[in-house]
2 protein chains.
Amino acid sequence: MVTLQGVTPVPLPFASSTGSPASPASGPRRRDAAKTRQLLLDAARRRFAEDGYAATTVRDIADDAGVNVALISRYFASKEGLFEACLKTAGEELRRSTGEVGLDGIPEAIARHIAESSAGSVAGQLALLLRSSGDERADQIRLDMLRSSAGRLAALAGDGPDRLLRAEVVLAAAIGITLLRTSTGIEPLSSAGVAELTSPLRDLVGALLGDGSSGAQAGAGGHHPE
Amino acid sequence: MVTLQGVTPVPLPFASSTGSPASPASGPRRRDAAKTRQLLLDAARRRFAEDGYAATTVRDIADDAGVNVALISRYFASKEGLFEACLKTAGEELRRSTGEVGLDGIPEAIARHIAESSAGSVAGQLALLLRSSGDERADQIRLDMLRSSAGRLAALAGDGPDRLLRAEVVLAAAIGITLLRTSTGIEPLSSAGVAELTSPLRDLVGALLGDGSSGAQAGAGGHHPE
DNA sequence: ACCTCATGTAAACGACCGTTGACTTATCGG
DNA sequence: CCGATAAGTCAACGGTCGTTTACATGAGGT
């Protein structure tokens, strides 16, 4: 057996090391509660987003993560606790990725989110927003996330007394597209890439939130800053 | 309230039982397989649309319908069979209600569907489109319904090579709004009536499917990229 | 009336679910 | 090196699920 030494000199309670490479050739996995926690979170978020809360079993999640089922109860107290943790981390990522762009960048940011949520492995934050667990706390977290996202969208739209309603329609469209892609596979929507999605989304956002001055033209919006 | 009458999916032994259709104080209910079937279908469609397939139990449906659980297996063979039957009837209603309007009428038709699906008791056809059961046949029915709806929408939009994609985006928006309303209750979207919904939907449909002449009066440049 | 069968009822079955407790094993401070 | 403790494993538990089976009963044809 090969044992690596000199790693993790300080025992961190939990360092969300999402950025760390997958390290597929780790072989005999060392005992690492933080890593196990993260593996469970990633697997759970994907399952919950794709199949919904009720259709997902804790054994599914544990198998995907490659850990024992009982560890879900240990680290997250319950399936509901795991779902709440998923919502929180998804909310953070969502806020981080959409908090820096202006109205002109929104369409492409949404398109990128949608496209990556299908192709990528994690993502699916948007789909999570529509997945209900029946738990009161989880539903409250979910509603807070939705309100926050809608509020930020509405803040970018200048005029109109119903700009919050319109922002929620934009949000609903984004979520609807994501769910339609992940759970039905209808074409050509499901295979559309960022470029193909950006065009209709630009029209959609422009028509709902644009005040006419922001101009729906962009084209050279440039690359997303990551 | 819902008027369930004139349903004859199976050869009725006697059609004269409609003399007193749904009198609530009818006391001992007469044995009527057709009526029982319809009660189950209505209850199931509502439950499936609101809570999703996996979160709905056959005992829930049977209790809502006021009939015995075993009758689900008798009349629909299984929970999956009941779900498929729900999809079929929902598809018929959806087609009937949107098959007579032109592009100009689409926004209000969608708004009406959405608003009634929240206030009314049945409806929810749109939400059903996003509920997956994991069953192959059901998913196929669902996909066919989606394709048909998207195709009819796209046929109303004249130009553009991506008009099918744009039609699917409109469909996704409508479904997303419905689910956001029924499963999160976010405001002001959830309480918006037909009138309030029609306005943003007109902009949305106009921007995605309109060719510029359909009266996109949003003030913003209604010109579409060519 | 009586037989027959469709309709509805009640109870149970096997399977799977989320969760728990006792047990094993690796890791580390002393 | 050696207990102490965290990290992980295993098997089982009560409960609920969808479904089936056996039974009761209303209703129409002859």
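Keep in mind it's a predicted model, so treat the numbers as computed, not measured. Throughout, a chain's letter reflects where its sequence line sits, starting with A, and its residues are numbered from 1.
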From CG of Asn68(A) across to P of dT25(C) the rounded distance in Å is 15 Å
Between Asp60(A) and Ala70(A), whichever has its closest DNA chain C nucleotide further toward 5' is Asp60(A)
Salt-bridge contact Lys88(A)-Glu84(A) (side-chain N to carboxylate O under 4.0 Å):
no
**Request:** May I ask you to say whether Arg46(A) pairs ionically with Asp64(A), meaning some side-chain N is under 4.0 Å from a carboxylate O?
**Result:** no
In whole angstroms, the gap separating C1' of dT19(C) from CD1 of Ile61(A) amounts to 14 Å
The nucleotide from dA6(D), dA24(D), dG18(C) with an atom nearest the side chain of Arg31(B) is dA24(D)
Sorted by number, residues from residues 72-82 of chain B placing a heavy atom under 4.0 Å from DNA chain C are Arg74(B), Tyr75(B)
Of dT19(D), dT9(D), dT19(C), the nucleotide closest to the side chain of Val58(B) is dT19(D)
**OP:** Test side chain to side chain donor-acceptor pair (under 3.5 Å) on Thr57(B) and Arg47(B) and set out the steps.
**Re:** CA-CA 9 Å; Thr57(B) 74; Arg47(B) 281 278 187 179; over 6 Å; no
Arg59(B) has its side chain closest, among dG18(D), dT21(D), dG26(D), to dG18(D)
### Message
So that I can tick it off, tell me whether Arg45(A) and Glu93(A) are bridged by a salt bridge, with the cut-off set at under 4.0 angstrom between side-chain N and carboxylate O.
### Response
yes
Between Lys79(B) and Ser73(B) (side chain of the first, backbone of the second, donor and acceptor by atom type, cut-off under 3.5 Å), is there such a pair? no
Original post:
Hey, does the side chain of Thr36(B) come within less than 4.0 Å of dG8(C)'s phosphate (OP1/OP2), counting only N and O?
Top reply: yes
Whole-Å distance, Leu71(A) CG to dT9(D) P, equals 6 Å
Could you walk me through whether Ser133(A) and Arg142(A) pass the side chain to side chain donor-acceptor pair (under 3.5 Å) test, one step at a time? CA-CA 10 Å; Ser133(A) 70; Arg142(A) 198 166 52 110; over 6 Å; no
Atom CG of Asp63(A) and atom P of dC16(C) are separated, to the nearest Å, by 14 Å
Rounded to whole Å, CG of Leu40(A) lies from C1' of dG18(C) at a distance of 15 Å
